[in-house]
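Quick notes on the structure that follows.
The figures here come from the full heavy-atom set of this structure, side chains too, leaving out hydrogens, waters and symmetry mates. Quick caveat, the model's predicted, so the values are computed rather than measured.
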Amino acid sequence: MNTTDISYLRSVRRWSLSQWIVLAATLLSALLVAIAVERPSQWVDERIALSLVDAPDPGSALANVIAGERRPPAWHLLLWAWSQGAGDTERSARLFSGLWAILLVPAVYQLARAFTSRKGAAYAALFAATAPVVISYGQTVRYYGFVAAMAALSFAAFFRLMQGRGRPWLAYAVSTGLLLYSDYPAYGVPLAQGLIGLLLWRRRFSRPHDPRRRWLAILVGLGLPLLLWVPVVLLQGGRDFGQAELSGGVSGVILRLGYSAYAWLVGETLFPWSPLAIAGLLAGLLLAVLGLRALRPRTQGAWWVAFGVPLLIAQILLATVAVDAPFVNAPPRSMACFGLVCVLVGAGLAALRRPVLLGAALVAVLGAHGAGLLNYYRGEAFLNTVYNTPAREVARAVAASAQPGDAIVGESDSVVDVYLPPALRAGYFDLSDQAGLAAWLSDHPAATVWQIELGRDRTRNPAAELQRTALLGDARQPRQLVGQRGFGGQDPLYRALKGRLLGREVYEYRLTVHQLSPLPVLK
């Protein structure tokens, strides 16, 4: 064994137990992200994201983002670049998102080190690695996990700079720049840093080489090009998509904040009345309070600003611009705050001195996470059913029975057409394309119509019902309803509670297939 080998072994031995825990948590996160990465079907926002980056060059992708999104383009351009090398398949795109969920684990550790001990930071990383909200967003072709990772990295680098514990200037510039050019709600991150660096800790650095000067220069350099983006911001923010139920007023704020806390601590695939969910939520909240109390007074103030400002910016945008987003869409819009949640939970676990209490808290938190992940992999107990649209299963079921020449009618939000085999795709029509469907049926009078109805929050879709009525009563070629099958069934208790909250009936299935076959013509 040479001198180099001996030095390497000594460096490995110097690793603390906390660092080994972070390494294990990172590997665990990679495993959890990779499991059944293609099980979830695309949902409509994923379809939009993939269509925007389906472009021959970055300029075209940029133009697509400006026309089709309400956010800056950096994440989409990174996805475009990834697809050029790794392929443009759905699996490849999901792995791209998964990389950021995995990166979040060591990023949370580095962030937590600014607030708590190595042990507390390791617990924070473990919490991030097993959080169902991270794993589910890590398999989603959207920017949510990316924003969480970049915000954690930006805050971690910022606090190291302010505390004089290294010079991670490049890490800070890259992570903060990617945030600014990927997500408008994440603008609260540099704003919070400004409040902390210029006001809260204004007396901390009186040396000639105050790092805040260079830090401010970086922020100015990153922010100036955004002035050229202002016309695009006005264009994107002026688009009217309607208003979601329960999105306005004080009730909307309470629902968004409450649901976000639940999703971050427990997940979105475990019903709140489950004993494991109750235990996990109570344990998470108690640990957060205990962790906050364990922080030093100056550090407490920094945590509140770092957490509160991005959350406030997200709430303002949801209440004024993105009013079409229901309250169940609030957690991903505020993922810049998630790393700070992990910090408190980790600090709270580190503050538990009695092994019995520590073990009970870990069992409660990890038990809720485990149950939520199990439901997620099974496609069950989704509180936000948009993420559980079984388009792949419906396409397979229709393809198993449909014949070439049959007509398949769906809605773009259902994304079923993405998974149809090429032989059937020629006979696919959007629900709004009544003229196209009529022309097809005129040429294929014996065709069976497979109508795929999407269960929406307004429960009934008059257009789908009117179309079925017209097909059943068509004088030239009447049809009869010979089969009906639901996919993505909703839990009865969940439907009852949601119906009481919304004051109306709630759909039973996320997707329903109606088979309308022609009646025999009497001669």
Side-chain angles (χ1 to χ4, degrees), residues 45 49 62 65-66 69-78 100 104 107 111 137 142-159 161-162 169 171-200 212 214-239 253 256-257 260 264 302-325 329-341:
D45 282 8
L62 174 62
V65 173
I66 292 174
E69 278 280 13
R70 287 186 294 183
R71 65 194 68 263
W75 177 84
H76 291 84
L77 293 178
L78 288 175
W100 307 110
L104 175 64
L111 172 59
Y137 292 161
R142 293 297 283 171
Y143 57 93
Y144 309 139
F146 175 81
V147 168
M150 290 301 103
L153 280 175
S154 178
F155 273 129
F158 167 77
F159 284 118
L161 291 170
M162 293 298 105
W169 293 108
Y172 177 76
V174 171
S175 57
T176 308
L178 287 173
L179 266 182
L180 289 172
Y181 290 91
S182 294
D183 188 40
Y184 294 131
Y187 284 14
V189 172
L191 178 58
Q193 294 166 358
L195 294 174
I196 294 169
L198 298 177
L199 299 178
L200 190 62
R212 290 176 297 183
R214 190 171 181 180
W215 159 66
L216 282 174
I218 290 175
L219 281 186
V220 171
L222 293 173
L224 282 177
L226 287 175
L227 296 176
L228 302 175
W229 193 254
V230 171
V232 178
V233 174
L234 298 176
L235 171 67
Q236 292 177 332
R239 295 169 182 156
V253 174
R256 287 194 295 267
L257 292 177
S260 295
W264 292 333
W303 185 92
W304 275 114
V305 175
F307 176 79
V309 173
L311 185 64
L312 177 62
I313 296 297
Q315 288 295 316
I316 291 174
L317 291 177
L318 285 170
T320 58
V321 179
V323 294
D324 56 300
N329 285 359
R333 309 300 175 94
S334 308
M335 282 302 286
C337 306
F338 180 74
L340 280 306
V341 175

Do you know the tightest heavy-atom contact between F158 and Q193?
CZ-O, 3.3 Å
Could you go through L216 and L198, starting from their C-alpha distance and side-chain angles, then the distance that decides it, and tell me whether this counts as side chain to side chain contact (heavy atoms under 4.5 Å, CB included)?
CA-CA 10 Å; L216 282 174; L198 298 177; 4.0 Å; yes
List the steps and the verdict of side chain to side chain contact (heavy atoms under 4.5 Å, CB included) for Q315 and L257.
CA-CA 9 Å; Q315 288 295 316; L257 292 177; 3.7 Å; yes
Straight-line distance of L153 CG to L104 CG, nearest 0.5 Å
8.5 Å
Can you tell me how far CZ of R70 sits from OH of Y184, rounded to the nearest 0.5 angstrom?
11.0 Å
Using a 4.5 Å cut-off on heavy atoms from C-beta on, say whether the side chain of P72 contacts that of L180.
no
For Y187 and L226, what are the C-alpha separation, side-chain angles and deciding distance, and is it a side chain to side chain contact (heavy atoms under 4.5 Å, CB included)?
CA-CA 11 Å; Y187 284 14; L226 287 175; 3.6 Å; yes
Please round to the nearest 0.5 Å and tell me the distance separating atom CE of M335 and atom CE of M150.
12.5 Å
Over all heavy atoms of both residues, which pair between F159 and A302 is shortest? Give the atoms and the distance, please.
CE2-CB, 4.1 Å
Taking all non-hydrogen atoms of both residues into account, name the closest pair between P310 and A306 and its distance.
CD-O, 3.0 Å
Output yes when a side-chain donor or acceptor of W303 lies under 3.5 Å from a complementary backbone atom of L340, and no otherwise.
yes
May I ask you to test the R214-W169 pair for a side-chain heavy-atom distance under 4.5 Å?
yes
Working to the nearest 0.5 Å, report the span between SG of C337 and CG of L311.
4.5 Å
Rounded to the nearest 0.5 Å, the CG atom of D183 sits from the CG atom of L317 at a distance of 9.0 Å
Do L318 and R333 come within less than 4.5 Å of each other through their side chains, counting heavy atoms only?
yes
Which class fits the ring pair F146 and W100: parallel under 30°, tilted 30 to 60°, perpendicular over 60°?
perpendicular
Donor-acceptor under 3.5 Å (Y181 side chain, L222 main chain):
yes
Go through the steps for V189 and V309 under the test side chain to side chain contact (heavy atoms under 4.5 Å, CB included), then give the verdict.
CA-CA 7 Å; V189 172; V309 173; over 6 Å; no
Test side chain to side chain donor-acceptor pair (under 3.5 Å) on Y143 and R71; report intermediate values, then the result.
CA-CA 10 Å; Y143 57 93; R71 65 194 68 263; 3.0 Å; yes
What are the two closest heavy atoms between A107 and A152, and how far apart are they?
CB-CB, 3.9 Å
What I want to check is whether the side chains of S154 and T176 have a donor and an acceptor closer together than 3.5 Å.
yes
Applying the side chain to side chain contact (heavy atoms under 4.5 Å, CB included) criterion to F338, which one of F307, W264, Y144 satisfies it?
W264
Would you indicate whether the side-chain heavy atoms of L219 and Y172 approach each other to under 4.5 Å?
yes
Within the structure provided, determine whether W229 and I66 are in side-chain contact (heavy-atom separation under 4.5 Å).
yes
Donor-acceptor check, side chain of S182 to backbone of L179, threshold 3.5 angstrom: yes or no?
no
